[in-house]
**Q** 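Supplied in structure tokens, the structure appears directly below.
Note that the numbering runs from 1 along the sequence shown for the chain.
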Amino acid sequence: MKKITVIMPVYNTAEFLQESVYSVMNQTYNHLELMLINDGSEESCTELIEQLSQEDARILPLHINENKGVGFARNLGVEKASHDYIYFLDSDDYLPPHTLELLVNHINDHDMISGSTILTTTKVESTDIKPEATRVNQTLEKSFDNISALNRLIKLDFIKSHQIKFSEEVTCYADLPFIVDMMHHLNVTETPMIKEASYSKRVRNDPISNPALVQLDANKKAVDFLTVYLFLKDNYKNSDQINMFLDDHLLSYYKLKHHLFYQDQATLPLISAAVQKSSTQPKQKLNSFVKAQWKSLKNENYKKFIQQTETEILLKDIKTALSGRTKLKTFLYKKVFTRLPLKEKSIVFESFLGKNYSDSPKNIYEYMLENNPDYQFIWIFNKKREIPGNAKQVKRFSLQYYYYLATSKYWVSNSRIPLHLNKREGNVYLQTWHGTPLKKLVFDMNEVYSANPKYKGHFFEQSRRWDYLISANQYSSDIFKRAFKFDKQMLEFGYPRNDMLHSNIKETNAKKVKEKLNIPADKKVILYAPTWRDDDFYAPGKYKFKLMLDLEKMKNELGDEYVILLRMHYFIADHIETTGVEDFAYNLSKYDDIAELYLISDILITDYSSVFFDYSNLKRPILFYTYDLEKYRDTLRGFYIDMEEEVPGPLLKSTEEIISAISNIEEVERQYEDKYARFYNKFCGWEKGHATEKAVQTVFKD
Ligand code: C2G
């Protein structure tokens, strides 16, 4: 029985390693060994390699003291291997259980057989059913269309006898010399391929803290590609087949990436050298721009190349602009509005994506209305609304929206302003954020399989634009620095939105709100404000919510003394039904500012929403209706604090428990007195009612 050596270079992939290793150990073809080549990983990953190696005698660990790159690690693996076949697997990818069996069964006398690659963001799904193999023969060019050494079973003798090697000079494209050598020595016109022998290539979501090779900087990749290309062109002067293969790849690369060489003009001599080395007549069809730029590079006329690229980009932008209204507005933003003079005293405000007039942007606006009336104020809303003062209201994504964002010096927002609206020089962006975090944020979140794999990268770009970030407590500051990688000025005065909870006229204000909402003055108020669930949605930003509280039962038991306000998170699209309990339950999901609802509430019921951090400023009782705690904490998000230990109220699982806690609310308060005090000190210590004033004075200095 022939034996396979699986070669797996490992560099700081602790998060995925176990899954990858187990996928090899669980192969149905088990006559194999797995070489785990530790390419200078940090301690946690090194320890994991050792630990996994203890679990199965077929795992052979090999440590390289410093990071030498994937090419070096794989070459080392080949050098140490002594068995019949070699198979390369990356330490963040994994194999379905039958892959190696399918390949081994069909390799016969061939030197190499390939499988197919699937890109995946999902977890390994094991199956016992062996798929029927469909074998196809591919031309040599087609076999190496994908210039990667992955998912190919190769005879070790073949590699060793021809001394086929990966490049050790470059970080990316180390496979290309290996592939070209393979092609050259295979001496066949076709190679076999098994479609069902699949390889799961993971699409990773953190290109910032720990990028995969494909996520490295595009310019770095371009330099590596051209370096390898030039080296191979020199080595294979006499092979028409390899020359054609290389030139074809150069051209495909160039067609896709030539803007890179324009953006990073230091690379121009390298691309120019490559173009000069390529055959004069590219066999692929080229459009007139690419052809003309190619010629300029061939003549080393960089100035002309730059002009041609600029014209090409402009024409392309115009074409895109004419293809739709939003695209036209974006074009105007970039090419016209951001070139108009910047208005030094103009501020754009937005809260919760234009959905309401609320949160810290509202407090900052109202403070400035009084104290800084010489500014021009603009509010972004989805719908026109009644607000105090003289602010101009603009509809989100209208032409005016683009105009004012482009020409106002200041942006004040509590969430995100679209990434395609670039920040112009001179712009000052105050990010107020919208809550002390309980649920893990961005770079503290593990790979999220259901979320957009681009999320972390995009968030990173977004947050590079923030000049100031408001944090309500030391705990938040520590998290924001890490989870947002925020390194500019943190404003540490408390939340502007919570100032009103410390106002000495809060009782009078509460009375006014209660009257406005027609809530009987003699009734006490319960506020139910839960958060959203990541896995339960109709579409992005449109989440489902099933009310788990039995309102009828609550009304029967508590209705004489209380009313309940139902306040859904702004992501929730579902309507909450109150028919039959209208005089007890008020649906205030659309009410602008939740802080006003805090003011009139005697008790808060929430779950994993940051609302409890804010509400605790009032030192009033909080109940946690956490019917899905385990799922929310363990599979959806992960929390920063241990809810069972730290939160200032009981975790309850049913309407009955809620009713009982409310009926005995004084007893609950007594029980949680100490915990509440500790909680208050940790999370509300900075809140003194002056956060707005201090933030304004710091940001709007002039
Ligand atoms: N909110 C609200 N009504 C709710 C829930 C939340 O008005 N039923 C508002 C509150 O101002 C709250 C904010 O939206 O502080 C954020 O809501 P969370 O439930 O905490 O959830 P999320 O939007 O995911 O933000 O650091 C904070 C986190 O990022 C949480």
Side-chain angles (χ1 to χ4, degrees), residues 325-326 328-334 336-338 340-424 427-434 465-466 470 495-497 499-500 509 512-513 516-517 541-542 567 569-571 573 588-597 692 695-696 699-700:
R325 254 201 271 174
T326 309
L328 179 61
K329 289 181 223 169
T330 309
F331 177 81
L332 291 171
Y333 176 91
K334 287 192 175 143
V336 183
F337 299 156
T338 44
L340 296 173
L342 191 62
K343 292 189 205 150
E344 289 289 324
K345 295 235 150 175
S346 178
I347 313 173
V348 179
F349 294 90
E350 189 184 69
S351 177
F352 295 122
L353 313 169
K355 287 193 175 141
N356 47 38
Y357 173 63
S358 65
D359 207 39
S360 296
K362 165 184 155 179
N363 300 86
I364 292 171
Y365 165 66
E366 291 186 0
Y367 177 89
M368 292 189 80
L369 255 187
E370 255 186 42
N371 297 283
N372 308 70
D374 51 330
Y375 279 81
Q376 181 192 13
F377 304 113
I378 297 108
W379 264 94
I380 297 167
F381 291 127
N382 293 334
K383 274 197 257 158
K384 202 165 168 43
R385 36 196 355 119
E386 292 270 314
I387 64 168
N390 56 353
K392 179 162 185 66
Q393 298 192 26
V394 302
K395 194 169 155 52
R396 197 157 184 253
F397 300 128
S398 65
L399 190 63
Q400 286 193 331
Y401 164 87
Y402 291 89
Y403 170 79
Y404 283 106
L405 278 174
T407 53
S408 300
K409 173 164 176 176
Y410 296 99
W411 295 354
V412 179
S413 164
N414 70 350
S415 37
R416 286 184 266 166
I417 290 179
L419 208 47
H420 62 275
L421 303 181
N422 55 296
K423 178 182 172 79
R424 71 184 280 185
N427 166 279
V428 175
Y429 186 167
L430 165 58
Q431 172 57 244
T432 67
W433 200 241
H434 51 267
R465 299 174 176 186
W466 305 346
I470 295 185
Y495 266 136
R497 69 179 185 189
D499 282 351
M500 73 167 98
N509 289 340
K512 281 190 206 151
V513 177
K516 184 166 81 180
L517 291 172
K542 288 196 167 25
R567 164 68 174 203
H569 187 276
Y570 58 97
F571 280 169
L588 294 177
S589 301
K590 296 258 169 336
Y591 191 78
D592 263 325
D593 197 352
I594 192 171
E596 292 180 7
L597 305 182
T692 313
V696 169
V699 178
F700 305 91

**Q** Under the salt bridge (charged side-chain N to carboxylate O under 4.0 Å, His left out) test against Asp593, which residue among Lys362, Arg497, Lys516 passes?
**A**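 The option that passes is Lys362.
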
**Q** How are the rings of Phe377 and Phe349 set relative to one another: parallel (under 30°), tilted (30 to 60°) or perpendicular (over 60°)?
**A**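 The arrangement is tilted - the two ring planes meet at 30° to 60°.
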
**Q** Any idea which heavy atoms bring Ile347 and Met368 closest together, and the distance?
**A**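 Nearest heavy atoms, Ile347 then Met368: CD1-CE, 3.5 Å.
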
**Q** Output the distance between atom NE2 (His434) and atom OG (Ser413), rounded to the nearest 0.5 Å.
**A**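 These two atoms lie 9.5 Å from each other.
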
**Q** Do Ile364 and Val696 touch side chain to side chain, with heavy atoms closer than 4.5 Å?
**A**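 Yes, side chains in contact.
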
**Q** Atom CG of Leu430 and atom CD1 of Ile470: how far apart are they, to the nearest 0.5 Å?
**A**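 Result: 5.0 Å between the selected atoms.
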
**Q** Under a 3.5 Å threshold, yes or no: a donor from one side chain and an acceptor from the other, between Asn414 and Ser360?
**A**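 On atom types as modelled, these side chains do not qualify, holding no pair under 3.5 Å.
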
**Q** Of all the heavy-atom pairs spanning Thr330 and His420, show the shortest one and how long it is.
**A**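 The answer is CG2-CD2, 3.5 Å.
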
**Q** Can you see which heavy atom on Phe397 is nearest to which on Pro418, and at what distance?
**A**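 The answer is CE2-CG, 3.8 Å.
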
**Q** Please give me the minimum heavy-atom distance between Glu350 and Tyr401, naming the atom from each residue.
**A**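 That closest heavy-atom pairing would be OE2-CE1, 4.3 Å.
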
**Q** Kindly state whether the ring of Phe700 and the ring of Tyr410 have centres lying under 6.0 angstrom apart.
**A**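 Yes; Tyr410 has its ring centre under 6.0 Å from that of Phe700.
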
**Q** Please round to the nearest 0.5 Å and tell me the distance separating atom CG of Leu517 and atom OH of Tyr591.
**A**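 Interatomic distance, Leu517 CG to Tyr591 OH, rounded to 0.5 Å: 5.0 Å.
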
**Q** Do Gln393 and Tyr357 pair up side chain to side chain, a donor and an acceptor below 3.5 Å, judged on atom types alone?
**A**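 There is no such pair between these side chains.
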
**Q** If you take all heavy atoms of Ser415 and Tyr429, which pair is closest and at what distance?
**A**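 Ser415 and Tyr429 have their closest heavy atoms at O-OH, 3.6 Å.
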
**Q** If every non-hydrogen atom of Lys423 is compared with every non-hydrogen atom of Trp411, which pair is closest and at what distance?
**A**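 For Lys423 and Trp411, the tightest heavy-atom pair comes out as CA-CH2, 4.5 Å.
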
**Q** So which pairs with a foot in residues 375-390 pass salt bridge (Lys or Arg N to Asp or Glu O under 4.0 Å), sequence neighbours left out?
**A**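 Passing the test, one end in residues 375-390: Arg385-Asp592.
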
**Q** Do the side chains of Lys590 and Leu588 get nearer than 4.5 Å, heavy atoms only?
**A**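 Not touching, per the 4.5 Å side-chain cut-off.
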
**Q** Would you indicate whether the side-chain heavy atoms of Val348 and Val412 approach each other to under 4.5 Å?
**A**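 Side chain of Val412 against side chain of Val348, heavy atoms only: no contact under 4.5 Å found.
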
